[in-house]
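Just dropping this structure here.
Note that the coordinates shown come from a computational prediction; the quantities given were computed from them, not determined experimentally. Chain letters run A, B, ... following the sequence lines, proteins first and then strands; every chain starts at 1.
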Number of protein chains: 2
Amino acid sequence: MSSWQSEAEFLEHYDSRHYSGPLVSVDVAIFTLHEAQLKVLLVQRGEFPCKGRWALPGGFINMGGDADLYATARRKLKDKTGVDAPLLEQVCSLGNDARDPRGWSVTVLYMALVPWAPTAEFMESVTDARWWPVQWVDELAMAFDHAALIEAARDRLKNKTAYTVLPVHVLKRPFTLTQLQNAFELLMDTQLEKKSFRRRILNAKILEEAGEASPEGGRGRPAALYVPARGSEKHLFARVFGETA
Amino acid sequence: MSSWQSEAEFLEHYDSRHYSGPLVSVDVAIFTLHEAQLKVLLVQRGEFPCKGRWALPGGFINMGGDADLYATARRKLKDKTGVDAPLLEQVCSLGNDARDPRGWSVTVLYMALVPWAPTAEFMESVTDARWWPVQWVDELAMAFDHAALIEAARDRLKNKTAYTVLPVHVLKRPFTLTQLQNAFELLMDTQLEKKSFRRRILNAKILEEAGEASPEGGRGRPAALYVPARGSEKHLFARVFGETA
DNA sequence: GCAATAGTGTCTTTTAGACAGTATCCA
DNA sequence: TGGATACTGTCTAAAAGACACTATTGC
């Protein structure tokens, strides 16, 4: 093809404007728990294409300011929730020539888990964004293939909850084991045995005691409070949970 | 920003050439088993940048011909191995402003597993590609961040082998349980108990008997032969294997 | 018979499921 | 005392680890 003698010479003559590739965006499925429901943050698009429809927070990479894909995702998360470094991880990438009317486009999908409380105040200042129960997504007019993206993130969430302690990230700390079990149940969309749950979590030594609290309704025995121990995010159970094989 | 009245009008005036995003490529880490070693397919780059260095098969999306990212990956796989539809799945995407000297670039990484035999003949016609034992990758002059990509794919391979029957994809069919166990051990880089292995695989009912064969060395008791049953790729074990917790 | 490979019996250990039981709070 | 919530005891079941054992072949 070309006949440059060195990489330096090649790069000197390389002009990235001659490259025309697909559109690239980063989208973030941000989940939280509120009012005993799993909710996802959606923004109503103010511009074409898909103006007026609901979409995941996301957009193009800022090639000047974003050091990497994770930085783009983190920026999007902070823009909409005000929250910084909770759980934020890549789910997958999706690209084809049909998902965006502007042409071949690729999105890198991230998912985030945040406790609801710290976002509440900030969210009031973000007029175009709101939390929707995930079950309602089917009913909404969704932009692009974002309904499918949410499902992909939702699946990952469900799967990972079965062998990690991912749900600690949607609770404000400290929390009780009952609250944690509720979080697990909502993320996995299934009921769990109380005894099995507590045995599993406590035996793994991934929580630290942090006092005790009176029960939510005011009535009942006070519950022990916990915070995640250092490194608990990395704990992998050898066996998945909640399968009545 | 703009003031188009309808999506059709917006699209009519949209010119994708005004968009300047990151370079996007798809790279495929293709693994096989040969001579009792896990090997990865690398090609020696003939062009700048990184001319002369070893790289994963990959390149830009053909926006005219590739329907989606998977199609691009599949094309790359077929170009280099002649093999079509074995195991091919997305691992992750990696993007930053440092991995390619041409500027901000994103790669979508796939991994593939193929039996060695069907690739052998085709590979002779592909002069710039060869199988390298994965342990040797550290010693090679690798292009871009491809050493890191290989490690990411390798990690995924190891993890998934612990709760699926992924390794069936690197064996030519039919195979014996001993061959399958060897494949598991090479992909997981650990030793497995024979009895536990056989119990796990056979109880899961994911293999079908397919006659028997005389042992490889000519000596010894003949072994039962198996092929994967339909749907076996989707089988998920509830417990990871090979952990002496 | 021996070497080599294939395959089994069986005991222990770990951890989840089931579910009834006890503990501690408020009114 | 009773209702509500938190927490435990304990039996069973499933599946992995360990490892010695038997089975079938070629020489």
### Query
So, A:Thr107 side chain and A:Ser25 main chain: donor-acceptor pair closer than 3.5 Å or not?
yes
Considering only distance and modelled atom types, tabulate donor-acceptor pairs under 3.5 Å from the side chains of residues 110-136 of chain B, sequence neighbours left out.
residue  : atom : partner  : partner atom : Å
B:Tyr110 : OH   : B:Tyr70  : N            : 3.4
B:Tyr110 : OH   : B:Gln90  : NE2          : 3.4
B:Thr119 : OG1  : B:Trp116 : O            : 2.6
B:Ser125 : OG   : B:Phe122 : O            : 2.6

### Task
Would you indicate what B:Phe237 reaches in the nucleic acid, counting non-hydrogen atoms under 4.0 angstrom: base, sugar-phosphate, or nothing?
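Nothing, no nucleic acid heavy atom in range.
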### Residues in contact with DNA chain C, drawn from residues 191-209 of chain B - heavy-atom cutoff 4.0 Å
B:Lys194, B:Lys195, B:Arg198, B:Arg199
### Partner set under side chain to side chain contact (heavy atoms under 4.5 Å, CB included) for A:Glu185, not counting sequence neighbours
A:Gln181, A:Asn182, A:Gln191, A:Leu192
### Task
State, yes or no, whether a side-chain contact exists between A:Arg154 and A:Asp189 at a heavy-atom distance under 4.5 Å.
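They are in side-chain contact.
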### Task
Would you jot down, in residue-number order, the residues of residues 164-172 of chain B having a non-hydrogen atom under 4.0 Å from DNA chain D?
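Listed by number, there are none.
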### Note, B:Ile201 side chain near B:Phe184 side chain (heavy atom, < 4.5 Å)
yes
### Message
Less than 4.5 Å apart, side chain to side chain, heavy atoms only: is that true for B:Thr32 and B:Thr81?
### Response
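With C-beta onward as the side chain, the pair stays apart.
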### Task
By nearest nucleotide on DNA chain D, pick out whichever of A:Ala224 and B:Val240 is the more 5' one.
A:Ala224
## Note on the structure
Across all chains, not counting sequence neighbours, the side chain to side chain donor-acceptor pair (under 3.5 Å) partners of A:Asp66 are A:Thr72, A:Arg75
### Task
Write down the distance between CD (A:Gln181) and P (D:dT8), rounded to a whole number of angstrom.
13 Å
Detail all sub-3.5 Å separations between protein N/O atoms and N/O atoms belonging to nucleotides 23-27 of chain C.
residue : atom : partner  : partner atom : Å
C:dA23  : O4'  : A:Arg221 : NH1          : 3.4
C:dA23  : N3   : A:Arg221 : NH1          : 3.2
C:dT24  : O2   : A:Arg221 : N            : 3.4
C:dC25  : O2   : A:Gly220 : N            : 3.4

### Query
Within the side chain of A:His146, is there an N or O that forms a donor-acceptor pair under 3.5 Å with the backbone of A:Leu56?
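Yes; judged by distance alone, with no hydrogens or angles, the pair exists.
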